[in-house]
Amino acid sequence: ARTPLSNGKDSVSAMCKAAKAAGYSFIVFADPLQYLNQKKFEDLKSMCRKNTTKDFVALPGFEYKGPAGCQWLMVGNVSFPRKDILSQDRTTIVQSFKYTFSEKWPLVIAVNASTNPLHPRMLKGLNSLALYTYDAKGLINDSLAAYQHLQAQKYNLIPMTVHHVT
């Protein structure tokens, strides 16, 4: 989900309420990196903590591109990327392996794996893969075959479904 901290419309609390009403036990907030800064990301983490209960988890994160142009979601209580790790336009983490290692391997989700510039087997540093990606219009990416290929290679990835909500 995206928040008003970037290009989203609904508040964190409103989207948490909607997710609970839909029967979900968690929600991930992944604002595009280029809209965020250190303060906004800390605000997002604070809002997620305030909306987390024993029965529901709100997870902070951000959406970004890796050096090869692949799409990723970084999720969890991570630090905002330092300037030396970001591209000038702040859309790309140019040293993604260094960043994920320094953050002690948080949840890193490869999104749109079947249409990313690199073949899924070339993706490094991931521990999850979005099998299906949806937006308001419906399914926009089906990466089930990529997931099955990687699982056959013993990648042991966490399967996810991503539904972009603004």
Side-chain angles (χ1 to χ4, degrees), residues 1-3 5-8 15 19 22 24-38 40-41 44-45 48 57-166:
R2 293 182 180 173
T3 71
L5 294 170
S6 66
N7 59 349
M15 285 192 275
Y24 291 109
S25 58
F26 74 95
I27 187 171
V28 172
F29 292 94
D31 287 299
L33 187 59
Q34 68 266 28
Y35 293 106
L36 297 174
N37 57 36
Q38 175 92 26
K40 285 182 176 182
F41 192 59
L44 176 62
K45 291 194 299 188
C48 286
V57 178
L59 295 166
F62 52 83
E63 178 183 330
Y64 70 99
K65 289 185 180 178
C70 298
Q71 293 181 288
W72 302 90
L73 299 179
M74 178 79 66
V75 180
N77 192 25
V78 297
S79 304
F80 190 75
R82 297 183 324 264
K83 287 182 182 178
D84 64 315
I85 290 177
L86 289 174
S87 62
Q88 287 222 303
D89 65 2
R90 297 171 40 138
T91 61
T92 303
I93 296 180
V94 294
Q95 296 182 30
S96 54
F97 187 79
K98 180 179 179 180
Y99 176 67
T100 54
F101 181 76
S102 72
E103 293 297 320
K104 299 178 179 62
W105 300 104
L107 182 60
V108 179
I109 306 168
V111 182
N112 301 334
S114 67
T115 57
N116 269 331
L118 292 178
H119 187 279
R121 75 174 178 278
M122 301 300 292
L123 301 176
K124 304 293 181 208
L126 71 153
N127 47 27
S128 181
L129 190 131
L131 279 61
Y132 304 104
T133 304
Y134 296 89
D135 67 9
K137 297 176 185 169
L139 182 68
I140 59 171
N141 186 273
D142 180 343
S143 293
L144 178 61
Y147 173 79
Q148 290 170 329
H149 172 78
L150 294 174
Q151 290 302 86
Q153 304 296 315
K154 307 283 190 235
Y155 272 60
N156 296 319
L157 299 171
I158 301 165
M160 291 281 184
T161 296
V162 172
H163 190 157
H164 294 291
V165 180
T166 54

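Since this is a predicted model, take the numbers as computed values, not measurements.
In this structure, the side chains of Pro106 and Val75 stay at 4.5 Å or more apart for every pair of heavy atoms. Counting only heavy atoms from C-beta outward, the side chains of Pro159 and Ser128 never approach each other to under 4.5 Å. Looking at Asp31 and Leu44, their side chains come closer than 4.5 Å, going by heavy atoms from C-beta outward. Within the 4.5 Å cutoff, the side chain of Tyr99 has heavy atoms near those of the Met74 side chain. In this structure, Gln34 and Asp89 have side chains that are not in contact, with every pair of non-hydrogen atoms separated by 4.5 Å or more. Within the 4.5 Å cutoff, side-chain heavy atoms of Tyr134 are placed close to those of Thr161. Annotation: side chain of Tyr155 is not in contact with side chain of Leu129 (no heavy-atom distance under 4.5 Å). Between Tyr132 and Ser143, every side-chain heavy-atom pair lies at or beyond the 4.5 Å cut-off.
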Go through it in stages, so that I can follow the logic: the residues are Thr115 and Asn141, the test is side chain to side chain donor-acceptor pair (under 3.5 Å), and I'd like the CA-CA distance, side-chain angles, deciding distance and then a yes or no. CA-CA 8 Å; Thr115 57; Asn141 186 273; 3.1 Å; yes
Should Asn127 and Leu107 be marked as a side chain to side chain contact (heavy atoms under 4.5 Å, CB included) after you check the CA-CA gap, both sets of side-chain angles, and the distance that decides it? CA-CA 6 Å; Asn127 47 27; Leu107 182 60; 3.4 Å; yes
Intermediate values then yes/no, side chain to side chain contact (heavy atoms under 4.5 Å, CB included), Thr3 and Met15: CA-CA 9 Å; Thr3 71; Met15 285 192 275; 4.3 Å; yes
Please report the C-alpha distance between Trp72 and Ile93 in whole Å, then the side-chain angles of each, then the deciding distance to 0.1 Å, and finally whether the side chain to side chain contact (heavy atoms under 4.5 Å, CB included) criterion is met. CA-CA 10 Å; Trp72 302 90; Ile93 296 180; over 6 Å; no
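Proximity of a side-chain donor or acceptor of Lys83 to a complementary backbone N or O of Gln88 within less than 3.5 Å is not detected. In this structure a side-chain-to-backbone donor-acceptor pair under 3.5 Å is missing from Asp84 to Leu86. In this structure, Thr92 contributes its side chain and Val94 its backbone to no donor-acceptor pair below 3.5 Å. A donor-acceptor pair under 3.5 Å is formed between the side chain of Asn116 and the backbone N or O of Val111.
Taking all atoms of both residues into account, the shortest heavy-atom contact from Phe41 to Gly61 is CE1-O, 3.6 Å.
Considering OG of Ser87 and NZ of Lys65, their distance stands at 10.0 Å, rounded to 0.5 Å. Going from atom CD1 of Ile27 over to atom CG of Leu59 covers 9.5 Å, rounded to the nearest 0.5 Å. To the nearest 0.5 Å, atom OH of residue Tyr24 and atom NE2 of residue His163 are 7.0 Å apart. Interatomic distance, Thr133 OG1 to Ile109 CD1, rounded to the nearest 0.5 Å: 9.5 Å. Note that OH of Tyr35 is 10.0 Å distant from CD of Glu63, once rounded to the nearest 0.5 Å. Atom CD of Gln71 and atom OG1 of Thr91 lie 11.0 Å apart (nearest 0.5 Å).
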